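Beneath this line is the structure, given in structure tokens, with notes to follow.
So you know, we letter chains A, B, ... as the sequences are listed, proteins then strands, and number each from 1. Below, each value reflects all heavy atoms present in this structure, side chains not excepted, and no hydrogens, waters or symmetry copies. All of these numbers come straight from a predicted model, not from anything done at the bench.
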Amino acid sequence: MIRDDLISLIQQAALKAQATGDIPIFSLPDVVIERPKNPEHGDYSTNVAMQSARLAKMAPVKIAEALIAHFPAAAFIGKVDLAHPGFINFTLSDSWLAQQVAVIEAAPDSFGNSDAGQGRKAQVEFVSANPTGPLTIGHAWGAVLGDTIASLLTATGWDVTREYYFNNGGRQMRLLGESLRVRYLELLGQQNPIPQDGYQGDYLRWIAAALVAEHGDGLVEAGVDVFRNKAELSIFANIRATLARLGVDFDVYYNELDLYETGKINAAVQALSTSGYAYQKDGATWLRATDLGLKQDRVIIKSSGEPTYRMPDIAYHVDKLERGFEYIVDIFGADHHATWPDVLAGVRALGYDTSDIQVIIHQFITLLRDGQEVKMSTRRGEFVTIDALLDELTTPSIPGRDVMRFMLLTRSADSSMTFDIDLAVKESSENPVYYVQYGHARICAILRKAAEEGFSPGEYADGDLSLLIHPAELKLLRKMIAIPEVIADATAQLAPHQLSHYAQGLANDFHVFYHECKVVTAEPDERQLSLARLRLCAAARIVLARVLGLMGVTAPERM
RNA sequence: GCCCCCGUAGCUCAGUGGAACAGAGCACCGGACUUCUAAUCCGAUGGUCGCAGGUUCGAAUCCUGCCGGGGGUGCCA
């Protein structure tokens, strides 16, 4: 990456400057390379001279002058400038930039990727909703965050597993079964109340109707398990269908019950007790979390003998590590934010290193409909499903998934966002996602036009890239070659929303280029320029398609 | 009470490993289609970066306090 190359060149320059005595001997601070906002400050900039001033006991400008004087030659650097009060600004070489088109052409499916992960195993756990009801907008955010982070990890050389953890046992599922039973009997003319804390959503009526259609009144005497199982199957099918519509596909659906059946929970409890991190009090088993740096101890086995949710979570994370994942990302909603420190503490108590487990907590989404906040509750059956939203956001040419994914990828997970349904539907025709997609479609239109005008891809493959000297061309090129850094940063910071911002900038630079530079011309003496620009367009299309692909958004050829 | 996240332009939000005049989209105002798709482009307007202190050569960014919104604080998940 350019940024890393620059750091190395600066360090070389410092060594040479010290060897010649132009600057004193001192240990250079970590070189930070930033992207200046102002184009006059070049493409990259460093404040290392200012950071060094105190260490070197020398004026920043003097240090910068020495570093510039000893800066090694590099093909990608056009010029190196000094700016007060000591910034060193680097500008990329125009001719080098133009030649990058060939580099992009050579890696249409992988430009911007890296091998940072070196094929090591990574896991992203997300959604992980229990099958008690349809997925809602909050789940959609987790789904899009997780899926995109997984894509980013793949792009940076990790062997990624997308995993969904769920529990189909326990009290909630029993209540769900009982609630379904009530709906079933209701259809057969028997009125019974929905149990206390039961599920009131209409979806149970539809599942009940399916049961009636299938079995008639044959299940009147059936136990609750029959209904619980039917509810689970139906709801899980619905969840999977929703995820498919969102473009999310899991490699593993991990059932919490497996942890019991394989004895992993018991083994973990035993190990905690043996090591003294678990103790008995008031008939329950507690995790000595205070010895692990936390504020209070926590119950892991209730006095009823049933584990709390923490225990399977601890065993599950141990299992993840045992499966050989070297990087683990968990994505939870803000309501789970208090639980994961306990879980990781438990994992550590069992002797595992948790430093490679990253937890992303996304904030809540406030949903507005008709200007009113929609209070959601799966139990009460009050919610807006992802499916319903996708229906509303779908247009004849673009699936709703593109709008939803892009929108959810414009905000950082830390931001608690408000989603105005009416506005989203109304403004969908002005949604930024279309702006980016239109850029891609526009390139495709140009390439089609070129084919009609007799420019074959085989011919422009040899186009002379040195003809790309227009400011709009160079600005576009600068953006295109930034994608490796965008991918690296978004992955390192687990901040996939950076992709959408980059995509908008890239599309903008292309649209400007489109207006400034005619690509396909009939003029014989401009044919060479056309060939070069066609190569640029094809390369821009590659980069645009790459960033859209990482976001899980389609790259349409026509709009 | 305590813990976590947030408070940046009319609205929705970026930017918060400190740095060179604070950004984008939408909305609003004014321009550009005989030209490869105007779902585009160009220009204008718009902000005491919640408030008050502190650290620093330099703070939207770091520290402290306060105010406001959300989430948590369970032998529920």
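Using the Watson-Crick or G-U wobble rule with both distances under 3.5 Å, B/rG25 pairs with B/rC11. In a base pair of the Watson-Crick type (N1 to N3 plus N6-O4 or O6-N4) or a G-U wobble (N1-O2 and O6-N3), with each distance short of 3.5 Å, B/rC41 is matched with B/rG31. Base-pair partner of B/rC75: not found among the strands shown (Watson-Crick or G-U wobble, both distances under 3.5 Å). In this structure B/rG65 sits in a base pair with B/rC51, meeting the Watson-Crick or G-U test at under 3.5 Å.
One C1' atom belongs to B/rU56, the other to B/rA19, and the distance between them is 11 Å to the nearest Å. Nucleotides B/rA24 and B/rG46 have their P atoms positioned 14 Å apart, rounded to a whole Å. Rounded to whole Å, the separation between the P atoms of B/rG10 and B/rC5 comes to 27 Å. Nucleotides B/rG43 and B/rA20 place their P atoms 23 Å apart, quoted to the nearest Å. Spacing between B/rU48 and B/rA9 at atom C1', rounded to whole Å, works out to 13 Å.
Contact annotation for A/A413: no contact, since no heavy-atom pair falls under 4.0 Å across all strands. Among the protein residues, A/T285 comes within range of no part of the nucleic acid, since none of its heavy atoms lies under 4.0 Å from any strand. Here A/F419 lies out of heavy-atom contact (under 4.0 Å) with every strand. When heavy atoms are screened at a 4.0 angstrom cut-off, A/V520 is found touching base atoms of the nucleic acid. Using a 4.0 Å heavy-atom cutoff across all strands shown, A/E557 reaches at least one base atom of the nucleic acid. Within the nucleic acid shown, A/D342 has no heavy atom closer than 4.0 Å to any nucleic acid atom.
You'll find that the side chain of A/A83 is closest to B/rA20, out of B/rC42, B/rC3, B/rA20. Comparing B/rC41, B/rA14, B/rU37 against the side chain of A/S412 picks out B/rA14 as the nearest.
Residues from residues 48-58 of chain A that place a heavy atom under 4.0 Å from any atom of RNA chain B, listed by number: A/M50, A/Q51, A/R54.
A/R533 has no side-chain polar atom (N or O) that falls below the 4.0 Å cut-off from OP1 or OP2 of B/rC36. Listed pair A/Y434 / B/rU40 fails the phosphate criterion, with no side-chain N or O lying under 4.0 Å from OP1 or OP2. Residue A/T418 places at least one side-chain N or O under 4.0 Å from the OP1 or OP2 atom of B/rC13. Within the 4.0 Å cut-off from OP1 or OP2 of B/rC13, not a single side-chain nitrogen or oxygen of A/H497 is found. The side chain of A/N47 contributes no N or O atom lying less than 4.0 Å from OP1 or OP2 of B/rG58. OP1 or OP2 of B/rA20 sits under 4.0 Å from a side-chain N or O of A/K37.
Protein atom CG of A/L409 is 19 Å distant from nucleotide atom P of B/rG25, rounded to whole Å. Rounding to whole angstrom units, CD of residue A/Q498 and C1' of B/rA24 are separated by 15 Å. Following rounding to the nearest Å, A/E34 (CD) and B/rU61 (C1') show an atom-to-atom distance of 13 Å.
In terms of heavy-atom proximity, A/R478 sits nearest to A/L92 at NH2-O, 3.7 Å. Taking both residues in full, the closest heavy atoms of A/I300 and A/A278 are given as CD1-CB, 4.2 Å, listed atom of the first, atom of the second, then distance. In this structure, A/D43 and A/R35 approach most closely via the heavy-atom pair O-NE, 2.9 Å.
Residues A/T521 and A/S530 have side chains that bring a donor and an acceptor to within less than 3.5 angstrom of each other. Using modelled atom types and a 3.5 Å distance limit, the side chains of A/Y435 and A/N508 yield a donor-acceptor pair.
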ring-ring contact (aromatic ring centres under 6.0 Å, His included) for A/H470 and A/F513? Distances and angles first, verdict last. CA-CA 9 Å; A/H470 190 285; A/F513 159 77; 7.9 Å; no
#### Entry: Candidate pair A/E163 and A/K320, rule salt bridge (charged side-chain N to carboxylate O under 4.0 Å, His left out), full reasoning
CA-CA 10 Å; A/E163 192 152 318; A/K320 292 186 188 194; over 6 Å; no
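Remark: A/R442 fails to qualify as a cation-pi partner of A/F510 under the 6.0 Å distance and 45° angle criteria applied to the six-membered ring. Under a cutoff of 6.0 Å and an axis angle of 45°, A/R54 and A/F26 do not form a cation-pi pair.
Taking the 5.5 Å centre cut-off and the 30° plane limit, the aromatic side chain of A/Y435 is not classed as stacked on B/rG25. Residue ring and base: A/H41 counts as stacked with B/rA20 (centre distance below 5.5 Å, interplanar angle below 30°).
Side-chain atoms of A/D414 stay outside donor-acceptor range of the base of B/rA14, with no qualifying N/O pair under 3.5 Å. Side chain A/S45 to base B/rA20: a donor-acceptor pair is found below 3.5 Å.
Taking the six-membered ring for Trp and the full ring otherwise, the centers of A/Y164 and A/F236 sit less than 6.0 Å from each other.
In this structure the side chain of A/H362 reaches within 4.5 angstrom of the side chain of A/I331, judged on heavy atoms.
Checking A/T46 against A/C444, the closest nucleotide of RNA chain B that is more toward the 5' end is the one next to A/T46.
Partners of A/Y165 under the ring pair (Phe, Tyr, Trp, His ring centres under 6.0 Å) rule, at least two apart in sequence or in another chain, are A/Y316.
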Each nucleotide of nucleotides 71-77 of chain B classed B (base within 4.0 Å of a protein heavy atom), S (only sugar-phosphate) or -, in 5' to 3' order, makes BSS-BSB
